[in-house]
Amino acid sequence: MGNHLTPAASQSKLHKLSRQRNGDQTAGDIQRYFRQRKSLIDAALDQYLKSRDPQISPLLHQAVCYSVLDAGKRFRPTLTLAVGELFGARRSLLLPFACAIELIHCYSLVHDDLPALDNDDFRRGKASCHKRFGEAIALLAGDALLTEAFFIVSDPALVRVLGSSLSAQLIREISDSAGMRGMISGQSKELELGKCEVTEQLLEDLDRLKTGALITTAARVGALIGGSTRKDLDRITRYGQCLGLVFQITDDILDEHETASDAQKGLTNYLSVAGKAKANERVQSLFAQCLKEIEPYGQAAEPLREIARYVTERKQ
Ligand code: GRG
């Protein structure tokens with residue numbers, strides 16, 4: 001597993017980074033910070049997925065690796081690392097959870113692209129999993145990714161270090177946000193949108209589940225592993241909730257052309273209901289809320305500030 005970083009070293013690195021943010025090389029430093037986190041996550045994902053267990057069907061293995069490796073922004077696992085590091089969590093404990101959350105995200109993309117749902121031919125700049133491997137294998141690859149996430153975080157060696165109570169809490173939180181109280185419910189509600197009057201509030205509630213739940217959990221997991229206080233956990237939860245909503249609204253804005261053609265088919269999202277000006281306004285106000293939540297952490301929260309800024313201003 002990746003490099004160990006002790007809580008003290010992690011904090012001092014963050015403080016160093018924060019001090020640098022006031023200097024001249026700020027943008028470059030923060031980019032380096034995120035590039036480093038992404039490489040760590042990519043390396044850990046490689047390690048988890050590339051190991052060749054002879055029991056794994058070669059075609060399934062290929063489809064799983066195809067759907068996860070060598071692409072994706074790794075936004076959710078980066079968030080787990082950044083929050084965890086703020087609270088001095090050990091990176092070796094954060095990485096398995098960060099990777100598990102990314103696997104769940106990848107599974108949701110594979111299943112969402114299937115003809116029964118979004119019917120997308122392309123994902124992450126290449127053919128979607130079902131286009132490359134067929135629907136049956138794509139369905140199984142998604143199932144395998146979801147299951148593998150829980151295999152990784154229930155590793156007895158990890159549970160021994162975290163303690164059974166915290167391990168159970170983390171696993172339950174992840175199941176809760178990915179499952180029928182979270183992401184899946186959001187997706188299911190979206191399928192039913194045509195049956196009722198669609199308001200901005202209704203869409204926000206739906207987006208909080210479909211996209212926001214896993215993002216909020218990605219942040220909370222970092223805080224929980226770092227042993228944050230209840231008050232800090234509540235702050236990070238609110239930060240994650242606002243961030244999740246920003247993520248989905250900016251996604252709707254980025255998909256403006258798709259949104260327009262969806263609207264002709266009677267499909268709605270935040271952009272088509274609220275309009276671009278209001279959607280942008282909402283993004284800015286949520287961004288301000290994100291910043292407010294992490295204000296008490298001062299310079300040490302600079303990576304979280306940059307994550308919020310990145311999501312607010314993102315172009316992809
Ligand atoms: C079908 C199980 C299932 C769930 C459906 C999350 C979801 C619910 C579907 C994924 C499709 C979608 C448009 C979700 C909204 C969230 C979103 C913008 C996902 C794309 O995430 P990025 O931009 O993708 O982080 P990368 O490729 O960078 O990881």
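Any value given below was found using the heavy atoms of this structure, including those in side chains, with hydrogens, waters and symmetry copies removed. The first residue of the sequence shown is numbered 1, and numbering continues consecutively from there. Atoms within a ligand are numbered from 1 in the order they appear, just like the ligands themselves.
For R76, the closest heavy-atom approach to ligand 1 falls below 4.0 Å.
For atom 24 (O) of ligand 1, the closest heavy atom belonging to the protein is H105 NE2, 3.5 Å. Ranking the protein heavy atoms by distance from atom 11 (C) of ligand 1 puts D112 OD2, 3.0 Å first. Nearest protein heavy-atom neighbour of atom 8 (C) of ligand 1: Q187 OE1, 3.4 Å. The single protein non-hydrogen atom nearest to atom 22 (P) of ligand 1 is K73 NZ, 3.4 Å, given as residue, atom name and distance. At the shortest separation from atom 7 (C) of ligand 1 among protein heavy atoms lies S108 OG, 4.0 Å.
Heavy atoms of R124 found under 4.0 angstrom from ligand 1 belong exclusively to the side chain. If you look at L117 next to ligand 1, the close heavy atoms, those under 4.0 Å, all belong to the side chain. At a heavy-atom cutoff of 4.0 Å, ligand 1 is contacted by the side chain of T211 but not by its backbone. Of all the heavy atoms of I184, the ones lying under 4.0 Å from any atom of ligand 1 belong exclusively to the side chain.
Atoms of ligand 1 lying under 4.0 Å from at least one heavy atom of Q248, given by number and element, are 15 (C), 16 (C). Atoms of ligand 1 found under 4.0 Å from any heavy atom of Y107 (numbered from 1 in listed order, with element): 2 (C). Atoms of ligand 1 lying under 4.0 Å from any heavy atom of D251, numbered from 1 in the order shown and given with element: 18 (C). If you number the atoms of ligand 1 from 1 as listed, the ones under 4.0 Å from a heavy atom of K210 come out as 6 (C), 8 (C), 15 (C). Short contacts between ligand 1 and L109, defined as distances under 4.0 Å to a heavy atom of the residue, involve ligand atoms 10 (C).
Under a 4.0 Å N-O distance rule, the pair D29/R32 qualifies as a salt bridge. Using a cutoff of 4.0 Å between basic side-chain nitrogens and carboxylate oxygens, R230 and D234 are scored as salt-bridged. Remark: D251 engages R314 in a salt bridge, criterion side-chain N to carboxylate O under 4.0 Å. A salt bridge links K276 to E256: at least one charged side-chain nitrogen sits closer than 4.0 Å to a carboxylate oxygen.
Under the 6.0 Å distance and 45° angle rule, R282 does not count as a cation-pi partner of Y270. At least one test fails for R305 against the ring of Y297: distance under 6.0 Å to the centre or angle within 45° of the axis.
Taking the six-membered ring where tryptophan is involved, the planes of F75 and Y310 are tilted, since the angle between them lies from 30° to 60°.
Between the CG atom in L191 and the CG atom in L117 there is a gap of 6.0 Å [rounded to 0.5 Å]. Taking CG of D176 as the start and CZ of R220 as the end, the distance is 9.5 Å to the nearest 0.5 Å.
Defined by atom type and a distance below 3.5 Å, a donor-acceptor pair is present between the side-chain atoms of D205 and Q201.
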